[in-house]
Protein chains: 4
Amino acid sequence: MTTRGRIDKRQAILEGAFTVFAREGYAQACVQEIAREAGVAKPTVYNHMTDKATLFRNALEAAARTILEQRIAALEPLAAPTGDLRATLEEVAHVLLRLHTDGRSCALRRLLYSEVTHFPDILDIVKESGPDRLTQALADRLARLALAGRLRATDPDLAAEQFLALLLGPLEARTQLGTRQLEDSQLRVMAVAAVDAFVRAWGAR
Amino acid sequence: MTTRGRIDKRQAILEGAFTVFAREGYAQACVQEIAREAGVAKPTVYNHMTDKATLFRNALEAAARTILEQRIAALEPLAAPTGDLRATLEEVAHVLLRLHTDGRSCALRRLLYSEVTHFPDILDIVKESGPDRLTQALADRLARLALAGRLRATDPDLAAEQFLALLLGPLEARTQLGTRQLEDSQLRVMAVAAVDAFVRAWGAR
Amino acid sequence: MTTRGRIDKRQAILEGAFTVFAREGYAQACVQEIAREAGVAKPTVYNHMTDKATLFRNALEAAARTILEQRIAALEPLAAPTGDLRATLEEVAHVLLRLHTDGRSCALRRLLYSEVTHFPDILDIVKESGPDRLTQALADRLARLALAGRLRATDPDLAAEQFLALLLGPLEARTQLGTRQLEDSQLRVMAVAAVDAFVRAWGAR
Amino acid sequence: MTTRGRIDKRQAILEGAFTVFAREGYAQACVQEIAREAGVAKPTVYNHMTDKATLFRNALEAAARTILEQRIAALEPLAAPTGDLRATLEEVAHVLLRLHTDGRSCALRRLLYSEVTHFPDILDIVKESGPDRLTQALADRLARLALAGRLRATDPDLAAEQFLALLLGPLEARTQLGTRQLEDSQLRVMAVAAVDAFVRAWGAR
DNA sequence: GATGAATGAGAGTTCATTCAT
DNA sequence: TATGAATGAACTCTCATTCAT
């Protein structure tokens with residue numbers, strides 16, 4: 001029970017930190033504000049995390065883990081693609097787009113990009129809870145589909161990479177670097193376009 | 001001559017600023033260091049630019065302009081695609097990859113991403129000297145090719161968008177968010193793979 | 001037993017406190033570290049001592065008392081100076097030097113000097129357990145010797161003061177303000193030199 | 001002229017620093033207050049001195065130099081001791097006592113003692129501008145007097161050391177570790193007593 | 001126009017001290 | 001009684017920005 005409060009507070013700090021870092025960036029974010037956001041006093045933050053830097057890393061890691069889990073879960077329909085493959089792909093694509101355009105998701109990308117030179121070790125986050133993992137998971141699914149003869153059976157890793165590229169690449173411009181929200185209908189259109197191209201390029205001949 | 005010196009100094013300041021901002025990020029960069037990098041005294045920086053913020057915007061704008069020009073120029077071969085279309089596309093793709101993985105280019109992306117929330121007006125840079133312009137220019141070229149019957153004649157804007165997505169999307173993972181340099185041979189492989197998929201998806205039937 | 005444990009803990013706290021204060025000085029010493037040194041938790045320190053300041057005073061007092069006792073004991077041989085007076089003085093002088101150059105002794109001096117302006121009441125420690133008391137005790141012994149005709153019978157207080165001055169004064173320079181340990185042989189030489197001058201100045205004509 | 005202001009300010013900072021350090025001790029002194037004392041803004045202090053530590057060292061050094069000069073000057077009468085040697089010694093002794101009991105002098109001693117463990121390099125100050133130098137200078141004078149047959153011609157270094165010990169040793173107790181001012185008449189008495197013993201111990205037989 | 005010097009404002013971090021258990 | 005956790009108050013140091021020359 002004693003421990004409970006502790007864990008809650010740690011959680012609150014990590015979430016507050018991510019929120020503030022996301023809003024302000026690493027350098028502009030001030031620990032004072034993070035503490036306020038988490039509803040604790042400044043030294044409490046330091047009792048849990050040694051450093052502003054450590055706080056940053058941990059907050060990023062926690063956020064990345066959560067986000068990755070959602071994305072992996074979004075691939076589920078591909079595990080047993082009943083019926084129309086194209087429809088399944090579109091469904092998955094649509095959900096991925098929605099997840100990818102979510103505020104926290106965009107913020108995480110921004111933070112990773114902007115601080116990767118100051119915190120080279122956040123690359124581990126990218127490797128372990130980032131896009132690499134998603135590509136792998138997708139490649140696994142596509143490999144099954146290839147075996148089942150429903151996709152060109154050459155290189156599932158490349159296929160996964162290109163599926164995600166076709167899907168997410170256009171986002172950057174459309175969302176203005178992640179600052180603008182898109183309508184769900186727009187996302188649907190983008191999903192269809194990406195899947196369309198993907199099927200032309202990778203569908204079973 | 002006086003005027004000349006002034007212009008030179010302005011140029012030096014803008015370049016020094018971009019260098020330092022690229023290395024440190026907006027907030028961590030300090031005007032002192034920018035001045036040192038540019039070889040002038042700190043107040044001289046303020047004589048040319050009112051603000052650290054203004055300095056940032058101008059430095060970004062100048063860098064973006066230069067970078068965009070190079071990219072647009074790289075599309076040149078597509079204007080008159082002598083002979084093999086696939087080969088031309090691969091050549092263009094290869095050059096684009098090289099430009100896109102260049103240090104300054106990556107730094108610019110990082111800066112845009114990290115500061116877009118604090119400087120919403122840098123979106124103008126993206127629109128006027130960024131990827132949007134490149135996509136447009138490429139779409140123009142592809143439209144010509146479509147008219148010439150060498151590409152599927154449906155939607156050149158979408159084609160351009162997907163060409164760039166297939167080409168540049170995989171870069172993020174391969175360069176570790178732009179922190180790792182790639183061998184030219186690797187770039188060649190990536191160019192071939194992207195063009196291969198593009199041709200399958202968009203080649204004339 | 002409980003009481004015993006309490007007393008032990010109090011003792012441990014006082015000793016830990018002196019150790020840390022000696023190493024760090026009053027202001028730099030942090031209660032956390034004192035608690036660690038004493039093997040207790042931080043609030044336990046506050047259960048025994050109201051204040052960091054109180055803790056400081058008590059630790060100093062305890063240390064001073066111990067140190068004074070040793071010094072007074074060192075004067076013992078002068079109570080019944082069998083045989084050669086000069087030899088007895090040299091012996092006493094030697095032991096005093098050794099005590100005076102001891103680490104804890106030097107630390108105590110340092111602490112008294114540095115904090116006397118912030119804790120005027122530690123002057124009581126000096127008066128009750130410090131050099132003043134030693135001078136008095138020595139004066140008592142010298143008075144007896146004067147009565148016995150073995151010393152100039154004028155002013156035993158002055159004699160005691162000058163004996164200690166001749167003995168300890170040179171220490172400051174030789175030990176580099178108490179930071180360097182001296183060889184026992186060096187101490188012997190210093191004792192002899194001090195006694196030599198003392199006897200010339202205060203020996204019975 | 002530009003430089004003039006700079007030098008003045010540096011001087012003011014060093015003096016303010018010594019004042020505050022003397023009053024508060026190293027750790028308790030805060031740069032803010034030093035700046036106020038010096039009549040400048042806090043960052044100005046940092047423009048002149050890199051560090052609080054550096055500031056401390058420099059302030060100590062400057063104060064030590066000034067103080068040493070005064071003490072050395074006080075030995076002047078011994079250079080050509082016209083007439084009564086005892087009277088000359090008493091005069092010198094008296095002045096030395098006055099210098100030694102001066103507020104700044106006491107403060108310097110306190111600071112040296114209290115911080116020597118944190119700043120081992122301030123031992124250089126002691127060597128170059130502290131008591132060691134004074135002892136040397138005095139030894140030089142006494143050697144001359146020994147040559148002139150007016151002092152026991154054995155060991156002028158030891159003689160100087162013991163003269164100062166007899167003179168300054170009793171100060172510690174009398175001034176309560178340097179916190180109490182003494183009347184000039186008391187100083188006179190102490191000077192006479194010290195010289196008296198010194199002459200008995202070191203006077204030409 | 002260019003610069004050395006100065007400053008107001010603010011950030012990270014530490015610490016003595018107090019609750020609640 | 002002893003302790004893990006939390007906090008208010010300071011303190012060092014940095015930086016964008018402005019004068020005065």
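Labels below follow one simple rule: chain letters A, B, ... track the order of the sequence lines, proteins then strands, and each chain is numbered from 1.
- B:Ala35 comes within 4.0 angstrom of nothing in the nucleic acid, heavy atoms only.
- Within 4.0 Å (heavy atoms only), D:Ala27 reaches no atom of the nucleic acid at all.
- Side-chain nitrogen and oxygen atoms of B:His48 include at least one within less than 4.0 Å of the OP1 or OP2 phosphate oxygen of E:dA2.
- Under 4.0 angstrom from either OP1 or OP2 of E:dG12 there lies no side-chain N or O belonging to A:Lys42.
- Salt-bridge formation is detected for the pair C:Arg23/C:Glu33: a Lys NZ or Arg NE/NH1/NH2 atom is positioned less than 4.0 Å from an Asp or Glu carboxylate oxygen.
- Between A:Tyr46 and C:Lys52, it is A:Tyr46 whose nearest contact on DNA chain E lies nearer the 5' terminus.
- Comparing A:Gln32 and C:Thr50 by the nucleotide of DNA chain E whose heavy atom lies nearest to each, the residue mapping closer to the 5' end is A:Gln32.
- Using Watson-Crick or G-U wobble geometry with both donor-acceptor distances under 3.5 Å, F:dT21 finds its partner in E:dA2.
- Considering only heavy atoms from C-beta on, D:Glu128 stays 4.5 Å or farther from D:Arg65 through its side chain.
- At least one side-chain heavy atom of B:Tyr26 sits under 4.5 Å from a side-chain heavy atom of A:Gln28.
- Place D:Pro43 and D:Tyr26 on DNA chain F by their nearest nucleotides, and D:Tyr26 ends up nearer the 5' end.
- In this model, no side-chain donor or acceptor of A:Asn47 finds a partner on the base of F:dA5 within 3.5 Å.
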